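Read through the structure below, which is laid out as structure tokens, and then see the notes.
Note that the structure is a prediction, hence the values are computed from the model and not measured. The figures that follow rest on heavy atoms only: side chains count, while hydrogens, waters and symmetry mates do not.
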Amino acid sequence: MRARVSLLAAAMLLASPLALAQRASLADRVTALEARAAGDQNGVVLVNQIAALQSEVQALRGQIEELQQQLEQAKQSQRVQYLDLSGRLDRLEGAGTVAPAGSAGEPPAASPASAPSTQAAPTPVPVAAPAKDEQGAYAQAFEALKSGDYVESARRLRDFLAAYPAGALAPNALYWLGESYYVTQNYALAADQFRALLDRYPANDKAPGALLKLGLSQSGLRQTEAAMATLRQVGQRYPGSDAARIAEDRLRSMQVAGSR
């Protein structure tokens, strides 16, 4: 009996290390499985976060596109209203020397409220009958400018200047002819018109804007040094004007770009 007990005890002592080793191996496997499960869970969370961020980016992109569209519409609206107001002022300025306000042949001025808020493309301008006077010819040219048909406005303004080279509205016509060329990136032709205005009408109300646009036209022609010199003249000759402020801002941006 004692021998059997001794053998059983010896067997138990021999089995203990093996059992302990198996138990440790099982614990390690459980720990590894738990770690893998935790990793899988973290991966799911990460995927969900990425998906949420992608949704936010897409939503923000849509908002940016909407804001860009609203900004473009606001720019178009401001341009139309500015051109309408400028045209009315031009007609009023020329009325004293060309024809009384409200006289026959003068087209009625469109109110800013009736101007379209957006213009996706230039509005086709109908062929107009030859105007009988300076006011009518200028109004026809300016109507093409307001519609955004700059090729047609340039043609009509050239015809106007040929018919009324010394007219009361000639400075305005020169300015808007230069603007028509500038918008279509015909910078050399634009610069010629602005120079002509400055040479012939240096004290005209359009002179500050003409000098500014001359500098911008030179910049468009990549004549950087000449453009910067012209823009400096705007502030020197017309201090405190809107043109001088814009010229200063443009000069600053050109200087920053040149220092890079």
Side-chain angles (χ1 to χ4, degrees), residues 72 75-76 78-87 89-90 93-94 119 121-123 125 137-238 241-254 257-258:
E72 184 61 27
K75 287 180 178 179
Q76 291 286 1
Q78 288 177 353
R79 185 181 70 85
V80 169
Q81 292 180 13
Y82 168 72
L83 289 174
D84 181 79
L85 179 59
S86 181
L89 289 173
D90 291 346
E93 290 171 355
Q119 287 183 321
T123 303
V125 181
Y138 183 84
Q140 287 180 359
F142 204 82
E143 191 63 31
L145 185 74
K146 286 201 316 181
S147 73
D149 190 345
Y150 299 109
V151 174
E152 179 65 17
S153 67
R155 185 190 69 79
R156 293 187 184 185
L157 287 165
R158 286 195 304 268
D159 291 346
F160 173 87
L161 288 167
Y164 306 99
L169 293 171
N172 304 78
L174 278 170
Y175 180 85
W176 292 117
L177 178 57
E179 183 71 14
S180 297
Y181 286 136
Y182 180 83
V183 171
T184 54
Q185 298 183 358
N186 292 313
Y187 298 122
L189 290 173
D192 290 343
Q193 313 314 312
F194 296 130
R195 284 194 191 94
L197 192 156
L198 291 165
D199 291 342
R200 294 166 56 184
Y201 308 100
N204 189 268
D205 291 342
K206 288 285 192 291
L211 188 59
L212 170 65
K213 282 302 178 70
L214 174 59
L216 297 180
S217 298
Q218 291 169 328
S219 177
L221 292 168
R222 301 187 183 280
Q223 300 171 355
T224 305
E225 294 300 325
M228 295 179 72
T230 302
L231 292 173
R232 291 190 188 96
Q233 290 182 34
V234 180
Q236 295 167 359
R237 293 169 61 175
Y238 309 104
S241 64
D242 290 340
R245 178 182 55 78
I246 297 171
E248 183 180 356
D249 291 342
R250 187 57 181 267
L251 261 176
R252 189 179 300 110
S253 65
M254 292 174 71

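In this structure, the side chains of Gln193 and Leu157 stay at 4.5 Å or more apart for every pair of heavy atoms. Taking 4.5 Å as the limit, every side-chain heavy atom of Gln140 sits out of range of all side-chain heavy atoms of Glu143. In this structure the side chain of Arg200 reaches within 4.5 angstrom of the side chain of Leu174, judged on heavy atoms. Tyr187 places none of its side-chain heavy atoms less than 4.5 Å from the side chain of Tyr181.
One distance of note links CG of Asn172 with CG of Leu177; it measures 12.5 Å at 0.5 Å rounding. Going from atom OG of Ser219 over to atom CD of Glu225 covers 11.5 Å, rounded to the nearest 0.5 Å.
Among residues at least two apart or in separate chains, salt bridge (charged side-chain N to carboxylate O under 4.0 Å, His left out) pairs with a member in residues 168-193 are Glu179-Lys213, Asp192-Arg195.
Residues forming a ring-ring contact (aromatic ring centres under 6.0 Å, His included) with Phe160 (at least two apart in sequence, or on another chain): Tyr138, Tyr164.
The closest side-chain donor-acceptor pair between Ser147 and Asp149, if any, does not fall under 3.5 angstrom.
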- [ ] Please lay out, stage by stage, how Glu152 and Arg155 fare under the test salt bridge (Lys or Arg N to Asp or Glu O under 4.0 Å).
- [x] CA-CA 5 Å; Glu152 179 65 17; Arg155 185 190 69 79; 2.5 Å; yes

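Residues Ser217 and Tyr182 come closest through the heavy atom pair OG-CD1, 3.5 Å.
Taking the six-membered ring where the residue is Trp, the centroids of Tyr175 and Phe194 are separated by under 6.0 Å.
For Arg252 and Asp249, the salt-bridge test passes: some basic side-chain N is under 4.0 Å from an acidic carboxylate O.
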